[in-house]
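Taking it in order: structure first as structure tokens, then the write-up.
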Protein chains: 2
Amino acid sequence: MEITFKAINDPTRREILVFLIGGAQNAGEIAKQFSMSKPSISHHLDLLKQGNLILAEKKGQYIIYSLNRSGFELVHGWFQGFAQYFEFPKPKIRL
Amino acid sequence: MEITFKAINDPTRREILVFLIGGAQNAGEIAKQFSMSKPSISHHLDLLKQGNLILAEKKGQYIIYSLNRSGFELVHGWFQGFAQYFEFPKPKIRL
DNA sequence: TAAATAATTAAACGAATGTCTAAATATTTA
DNA sequence: TAAATATTTAGACATTCGTTTAATTATTTA
């Protein structure tokens with residue numbers, strides 16, 4: 001919980017998550033998107049992984065990162081209480 | 001955006017938000033819930049207000065705090081992209 | 001108007017965070 | 001096996017963050 005919220009607190013990490021919506025990518029490709037050193041990105045990836053927001057899979061000398069449902073479910077669940085309080089609109093029919 | 005995510009990053013502030021689901025409360029009543037000095041709580045309330053997660057209304061010598069829809073909508077909107085990616089389940093019928 | 005109550009603002013300080021460069025590890029290729 | 005490539009780990013450092021106590025502001029009550 002705590003670590004997951006901490007992970008989405010940083011703007012760079014949120015950008016990484018949005019970037020990964022487009023599909024899984026290796027660490028180098030992710031780092032290219034940012035004007036920041038590779039070790040910094042590596043550290044951000046580690047925190048996102050700790051928060052269960054991304055998965056890491058080693059493929060040869062590369063590490064492929066992809067979005068992890070479980071961290072998002074956790075945060076989503078926390079927000080449910082407020083969504084009910086505010087009665088956020090929902091689609092009439094399940095898509 | 002940035003300030004709103006920062007606001008929900010702290011566990012005490014998240015607890016304050018959950019507490020306010022039960023209804024609006026003045027600063028003193030909120031502070032009572034926590035083993036922490038009043039100025040600390042006051043500071044947390046300020047950050048939550050900056051993040052548009054709560055509203056403050058002065059009533060005499062009291063200040064009444066309540067949940068503010070707008071901050072929650074912001075975060076909810078950010079999550080929508082991921083909800084679609086993961087296809088989070090939705091109720092079949094609008095309640 | 002003086003005292004009491006509610007709450008914030010100010011100042012200080014240790015802990016946590018994000019970034020960098022340099023070094024280390026692992027894997028592939030020549 | 002040596003060099004190149006991909007990535008992480010380690011160490012250092014400035015900045016931000018959360019907390020406290022003391023002081024200040026605003027409002028109510030005796």
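Computed over heavy atoms, backbone and side chain alike; hydrogens, waters and symmetry mates excluded. Order of the sequence lines fixes the chain letters, A, B, ..., with proteins taken first and strands second; residue numbering starts at 1 for each chain.
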Nucleotide [N], atom [atom2] - distance to [atom1] of [X] in whole Å:
{"X": "B/His44", "N": "D/dT19", "atom1": "NE2", "atom2": "C1'", "result": "8 Å"}
{"X": "B/Glu2", "N": "D/dT16", "atom1": "CD", "atom2": "C1'", "result": "12 Å"}
{"X": "A/Ile8", "N": "C/dT17", "atom1": "CD1", "atom2": "C1'", "result": "16 Å"}
{"X": "B/Asn9", "N": "C/dA16", "atom1": "CG", "atom2": "P", "result": "14 Å"}
{"X": "A/Phe34", "N": "C/dC20", "atom1": "CZ", "atom2": "P", "result": "13 Å"}
{"X": "B/Gln25", "N": "C/dA7", "atom1": "CD", "atom2": "C1'", "result": "15 Å"}
{"X": "A/Asp10", "N": "D/dC17", "atom1": "CG", "atom2": "P", "result": "11 Å"}
{"X": "B/Met36", "N": "D/dC17", "atom1": "CE", "atom2": "C1'", "result": "12 Å"}

Taking only the side-chain heavy atoms of A/Thr12 (C-beta and beyond), determine which of C/dT19, C/dG18, D/dT19 contains the nearest atom.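 Per side-chain heavy atoms of A/Thr12, the pick is C/dT19.
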Options D/dT20, C/dT17, D/dT27, nucleotide nearest the side-chain atoms of A/Lys6: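 Selected nucleotide (nearest to the side chain): C/dT17.
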Holding to side chain to side chain donor-acceptor pair (under 3.5 Å), I want the full list of residues that pass it with B/Glu57, two or more places apart in sequence or in another chain.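 Counting only residues at least two positions away or on another chain, B/Glu57 forms no side chain to side chain donor-acceptor pair (under 3.5 Å).
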Is the A/Phe86 ring parallel, tilted or perpendicular to the B/Phe72 ring (thresholds 30°, 60°)?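 Correct class here is tilted.
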Walk along nucleotides 4-15 of chain D from 5' to 3' and tag each nucleotide B, S or - by protein heavy-atom contact under 4.0 Å, base first, then sugar-phosphate. -BSSBB------
Beyond-backbone contact of [X] with [Y], side-chain heavy atoms, under 4.5 angstrom:
{"X": "B/Leu55", "Y": "B/Leu67", "value": "no"}
{"X": "A/Asp10", "Y": "A/His44", "value": "yes"}
{"X": "A/Asn68", "Y": "A/Leu53", "value": "no"}

Without swapping roles, check the side chain of B/Arg13 against the backbone of B/Lys6 for a donor-acceptor pair under 3.5 Å.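 Between the backbone of B/Lys6 and the side chain of B/Arg13 there is a qualifying donor-acceptor contact (under 3.5 Å).
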Is it true that a side-chain atom of A/Ser66 and a backbone atom of A/Ala24 form a donor plus acceptor pair closer than 3.5 Å?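 Not confirmed, A/Ser66 side chain does not pair with A/Ala24 backbone.
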When you check the phosphate oxygens OP1 and OP2 of D/dT19, does a side-chain N or O of B/Ser37 lie under 4.0 Å from one of them?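 It does not, given that no N or O in the side chain of B/Ser37 lies less than 4.0 Å from OP1 or OP2 of D/dT19.
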